[in-house]
Protein chains: 2
Amino acid sequence: MFRALAQEKRLQVLSWLKAPAAHFPPQVDGDLIRDGVCVLRIAEKLGVKQPTATRHLQILADAGLVTATRIGKWTFFKRNETAIGRLKSELIEKM
Amino acid sequence: MFRALAQEKRLQVLSWLKAPAAHFPPQVDGDLIRDGVCVLRIAEKLGVKQPTATRHLQILADAGLVTATRIGKWTFFKRNETAIGRLKSELIEKM
DNA sequence: TACAAATATAGCAATATAACTATATGAAAA
DNA sequence: TTTTCATATAGTTATATTGCTATATTTGTA
């Protein structure tokens, strides 16, 4: 989990996803809030290519910090607040 | 800071230093609690050579998680609870 | 002053990470 | 069914990290 957060870009994504509508343009398919943000939008905003963004998002997902939802040809990512909450208390005791 | 914690060995050290007396033998010079634990003891317990332990401890120190105290020829490391407390609340809001 | 002990630094090898391009896969549209 | 679009995977390269050994530095002691 700390490894997942040990990268400015991933911290950045996690922060943007707190308020998707404030950081990403409206989406035609897939609601920003309910479903999450599409990979290409995140890649653009991060300033990296799509495969790189996908990799970062997989790392965040493996750590349980975000969840992926595939709708049609899009994959949307959003924060997993439940897991993040659990991880917060866990790391509080670990530190 | 997350990078400093993104390594099992450094997390381990930070955890041991919560209760130095429970994890390290008594020291002749430098009190375990007041001054901290000597580098060689930490290296032994980690199962790495002294320069490697020194490097890990420097990384923890750079992140502000521990402080070094030189007494004579020994350098003792202990947790910086004040800084750790600040970092905790900071990361809580960052996540 | 010379020597010994503890730690710090330099330099190197192995591995991990992050970026890219090229390509494969999955799903919708023509 | 072919094409197209979005994402995933494979493979490569550059850089960062982690470990080591050798050596320098700092400090106490003979």
Side-chain angles (χ1 to χ4, degrees), chain A residues 1-14 16-17 20 24-32 34-63 65-78, chain B residues 1-14 16-17 20 24-32 34-63 65-78:
Chain A
M1 192 252 297
F2 285 117
R3 266 202 300 274
L5 296 169
Q7 233 281 342
E8 197 52 51
K9 287 201 168 67
R10 290 194 289 267
L11 265 184
Q12 183 69 263
V13 170
L14 216 55
W16 286 335
L17 292 184
F24 298 94
Q27 291 171 167
V28 181
D29 305 78
D31 183 70
L32 275 179
R34 180 171 37 87
D35 307 310
V37 183
C38 123
V39 174
L40 268 184
R41 295 286 152 75
I42 295 173
E44 279 166 20
K45 204 168 170 72
L46 272 182
V48 298
K49 299 293 181 182
Q50 169 264 316
T52 303
T54 293
R55 183 81 192 105
H56 282 309
L57 289 163
Q58 283 171 342
I59 289 170
L60 285 172
D62 288 348
L65 298 163
V66 301
T67 55
T69 310
R70 178 108 193 194
I71 298 179
K73 41 184 173 177
W74 294 275
T75 305
F76 301 103
F77 284 88
K78 62 185 237 184
Chain B
M1 192 251 298
F2 284 117
R3 266 202 299 275
L5 297 169
Q7 233 280 345
E8 198 52 51
K9 287 202 167 67
R10 290 194 291 266
L11 265 184
Q12 183 68 264
V13 169
L14 216 55
W16 287 334
L17 292 184
F24 297 95
Q27 292 170 167
V28 181
D29 305 79
D31 183 71
L32 276 180
R34 180 172 38 87
D35 307 310
V37 183
C38 123
V39 174
L40 267 184
R41 295 287 152 74
I42 295 174
E44 280 166 20
K45 203 168 171 73
L46 272 182
V48 298
K49 298 294 180 181
Q50 170 265 317
T52 303
T54 292
R55 182 80 193 105
H56 281 308
L57 290 163
Q58 283 171 341
I59 289 170
L60 286 172
D62 288 348
L65 297 163
V66 301
T67 55
T69 310
R70 178 108 191 193
I71 298 179
K73 41 185 174 176
W74 295 273
T75 305
F76 301 103
F77 284 89
K78 62 186 237 184

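Letters A, B, ... are given to chains in the order of the sequence lines, protein chains preceding strands, and every chain is numbered from 1. None of these values were measured; they are calculated from a predicted model.
The side chain of R70(A) lies closest to dA27(C) when the candidates are dA27(C), dT26(D), dA19(C). Nearest nucleotide to the W74(B) side chain, out of dT21(C), dA6(C), dA27(C): dA6(C). Residue I59(A) places its side chain closer to dA18(C) than to any other of dT21(C), dT7(D), dA18(C). With dC20(C), dT21(D), dT7(D) as the candidates, the nucleotide lying closest to the side chain of P51(B) is dT21(D).
The side chain of Q58(A) contributes an N or O atom lying less than 4.0 Å from OP1 or OP2 of dT9(D). Taking only side-chain nitrogens and oxygens, H56(B) never comes nearer than 4.0 Å to OP1 or OP2 of dT17(D). Residue T52(B) has a polar side-chain atom (N or O) positioned under 4.0 Å from OP1 or OP2 of dC20(D). For dT9(C), the OP1/OP2 oxygens have no side-chain nitrogen or oxygen of T54(B) closer than 4.0 Å. At the phosphate of dT17(D), OP1 or OP2 sits under 4.0 Å from a side-chain N or O atom of R3(B). A sub-4.0 Å separation between OP1 or OP2 of dA6(D) and a side-chain N or O of Q50(A) is absent. Applying the 4.0 Å criterion to OP1 and OP2 of dA8(D), one finds that T75(A) has a side-chain N or O inside that range. Between K73(A) and dA29(C) there is no side-chain N or O to OP1 or OP2 distance below 4.0 Å.
In this entry the distance linking NZ of K49(B) with C1' of dA10(C) reads 18 Å, nearest Å. Taking atom CG of residue L57(B) and atom C1' of nucleotide dA6(C), one finds them 14 Å apart after rounding to whole Å. The distance from atom CZ of F77(A) to atom P of dA6(D) is 16 Å, rounded to the nearest whole Å. Spacing between atom CG of D62(A) and atom P of dT17(C) amounts to 12 Å, rounded to whole angstrom units. Going from atom CZ of R55(B) over to atom P of dA10(C) covers 11 Å, rounded to whole Å. dC20(C) atom C1' lies 15 Å from atom CG of L46(A), rounded to whole Å. Here the C1' atom of nucleotide dT7(C) and the CD atom of Q27(B) are 14 Å apart, to the nearest Å. In this structure, CD of E44(A) is placed 15 Å from P of dC5(D), rounded to the nearest angstrom.
With values rounded to the nearest 0.5 angstrom, L11(A) atom CG is found 8.5 Å from Q7(A) atom CD. Rounding to the nearest 0.5 angstrom, the gap separating the CG atom in L60(A) from the CE atom in M1(A) is 12.0 Å. Interatomic distance, F77(A) CZ to L17(A) CG, rounded to the nearest 0.5 Å: 9.5 Å.
Using the six-membered ring where Trp is involved, F24(B) and W16(B) have ring planes that are perpendicular, over 60° apart on the 30 and 60° scheme.
Using a 4.0 Å heavy-atom distance criterion, R41(A) is classed as making no nucleic acid contact.
In this structure, V39(B) and G72(A) both approach DNA chain C, and ranking their closest nucleotides by distance from the 5' end singles out V39(B).
Side chain to side chain, T54(B) and Q50(B) meet the donor-acceptor criterion of an N or O pair below 3.5 Å.
Counting heavy atoms from C-beta on, the side chains of F76(A) and Q27(A) come closer than 4.5 Å.
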